[in-house]
Amino acid sequence: YQDIAVLMAGNEKCSAIANLLLKKGLAVVTAESLTLNASPAVNVIIYTLKYLLHPNDTLVKASILFYMLKLHGKTDSLSQILLSLKNNQDFDNLLRQEVGDVIPTNEWIPENLFILVKKIAHFYQLDTTANSFVVDFENLILSYLSSNNGDIASFLTWWQKKIDNGSMPSLSLPDGINAITVSTIHKSKGLEYPVVILPYTSGSNRLRPKWVEVDDKTVGYIELSEKA
C-alpha cells in the first residue's frame with residue numbers, strides 16, 4: 001500500500017476518501033485529512049453541543065444540517081441551508097427529515113460530557129457506522145475529562161483552541177505502517193509514488209483520463225497540465 005497515493009485539491013475530500021478506505025479495512029496515512037475537526041461526523045457532534053448551549057443560533061442549526069447532509073451524501077451548501085432557515089423553514093422539521101427525530105435538549109443537558117457525546121452519536125446513528133473519527137473523538141473526550149472540567153462550554157473553548165493553534169489530534173495510526181497516502185496535491189509537491197490516484201477530476205477542464213501501465217521495472221506518471 002505504501003506505493004499508492006490518493007491526491008485531492010482540498011482537505012474535506014481527503015477526509016471523505018480516508019474514512020472510506022478505513023471502512024474498507026485498508027491502512028491509510030495522512031496529516032491534514034485525519035484531524036478530528038475534518039470529519040463531518042465529529043462536526044455534527046460539536047455543533048450539537050453548541051446547539052445545547054445556543055438553541056436559537058441560526059448558524060449553529062444550519063451547521064448541524066450541513067454536516068448531517070454531507071454524511072448522507074448530499075451537497076447542499078451552508079449558505080443554502082441558512083437561507084432556508086431564514087425563510088422560516090423549521091429546523092426541527094428539516095432535522096426530522098434526516099434522522100427521524102428532534103434533539104431532546106432537556107434530556108441531554110444534565111448528562112456527563114462523555115455520556116452526552118455517546119448519546120449524540122447514537123441519535124445520529126454515528127455509533128453504527130464504524131466511524132473511526134467518532135471512536136477517536138470519544139477517546140479524546142475521556143482524555144480531556146481526566147484533567148478538565150466536564151461542562152460543555154469549557155470543552156468547546158478547549159476544542160477551538162486546538163483548532164486555532166494547529167494541535168488538533170488526528171486518527172491514531174502506527175508509525176511505519178504499510179499504508180495508502182491520502183493528501184492534498186499541494187502537500188504532495190516534491191514527493192513521488194509509483195501509483196497516483198486523482199479522484200474528483202471528472203469535472204475538470206485541465207485533467208483527462210489517461211491509462212498508465214505500471215510494473216516492477218517502470219513507473220507511470222501523468223503530467224498535471226493542459227496537455228495531459
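Taken together through direct or relayed side-chain contacts under 4.5 Å among Ile, Leu, Val, Met, Phe, Trp and Tyr, I152 and L142 form part of one hydrophobic cluster. Side-chain heavy atoms closer than 4.5 Å link hydrophobic residues (I, L, V, M, F, W, Y) into clusters, and following such links, even through other members, never connects L20 to V196. Linking Ile, Leu, Val, Met, Phe, Trp and Tyr whenever their side-chain heavy atoms come within less than 4.5 Å leaves V102 and I64 in two separate clusters. Under the 4.5 Å side-chain heavy-atom criterion for ILVMFWY residues, a single connected hydrophobic cluster contains both W159 and L53. Note on L145 and L52: same hydrophobic cluster, where clusters join Ile, Leu, Val, Met, Phe, Trp and Tyr whose side-chain heavy atoms are under 4.5 Å apart, directly or indirectly.
The aromatic rings of F123 and W108 lie perpendicular to each other, with more than 60° between the two planes, well past the 30° mark.
With S84 contributing its side chain and Q80 its backbone, the two residues share a donor-acceptor pair below 3.5 Å. Side chain of N43 to main chain of N37: a donor-acceptor pair is present (N/O by atom type, distance under 3.5 Å, no hydrogens or angles).
Aromatic pair Y51/F91: centroids less than 6.0 angstrom apart.
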- Message: Between L71 and L126, does the side chain to side chain contact (heavy atoms under 4.5 Å, CB included) criterion hold? Intermediate values first, please.
- Response: CA-CA 10 Å; L71 285 172; L126 301 175; 3.6 Å; yes

- Message: Apply side chain to side chain contact (heavy atoms under 4.5 Å, CB included) to residues F155 and L49 and explain how you reach the verdict.
- Response: CA-CA 10 Å; F155 172 72; L49 291 173; 4.1 Å; yes

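Within a 6.0 Å sphere centred on CG of D164, heavy atoms belonging to other residues, nucleotides or ligands number more than 12.
Contact check for T48 versus Y124: side-chain heavy atoms found under the 4.5 Å cut-off. Using a 4.5 Å heavy-atom threshold, the side chains of I197 and L7 count as separate.
Between K119 and E107 there is no salt bridge, since none of the side-chain N atoms of the basic residue sits less than 4.0 Å from a carboxylate O of the acidic one.
Pairing each heavy atom of E138 with each of A121, the nearest pair is OE2-CB, 4.0 Å. The nearest pair of heavy atoms linking V6 to I180 is CG2-CG2, 3.9 Å. The shortest heavy-atom contact between I45 and V117 is CG2-CG1, 4.1 Å. Between A41 and V134 the shortest heavy-atom distance is CB-CG2, 3.7 Å. When all heavy atoms of P40 and K70 are compared, the closest pair comes out as CG-CE, 4.1 Å.
Rounded to the nearest 0.5 angstrom, I141 CD1 and D136 CG are separated by 12.0 Å. Atom CH2 of W158 sits about 13.5 Å away from atom CG of N149, to the nearest 0.5 Å. With values rounded to the nearest 0.5 angstrom, Q97 atom CD is found 12.0 Å from H72 atom NE2. Considering CG of L78 and CG of L69, their distance stands at 10.5 Å, rounded to 0.5 Å. Within the model, atoms CG of L59 and CG of L85 stand 10.0 Å from one another, a figure rounded to the nearest 0.5 Å. Between the OG atom in S63 and the CE atom in M68 there is a gap of 14.0 Å [rounded to 0.5 Å].
Geometrically, K50 engages Y47 in a cation-pi contact defined by less than 6.0 Å to the ring centre and at most 45° from the axis.
Side-chain contact, S39 with Y67: no donor N or O sits under 3.5 Å from an acceptor N or O. One side chain, D151 or S154, offers a donor N or O that lies under 3.5 Å from an acceptor on the other.
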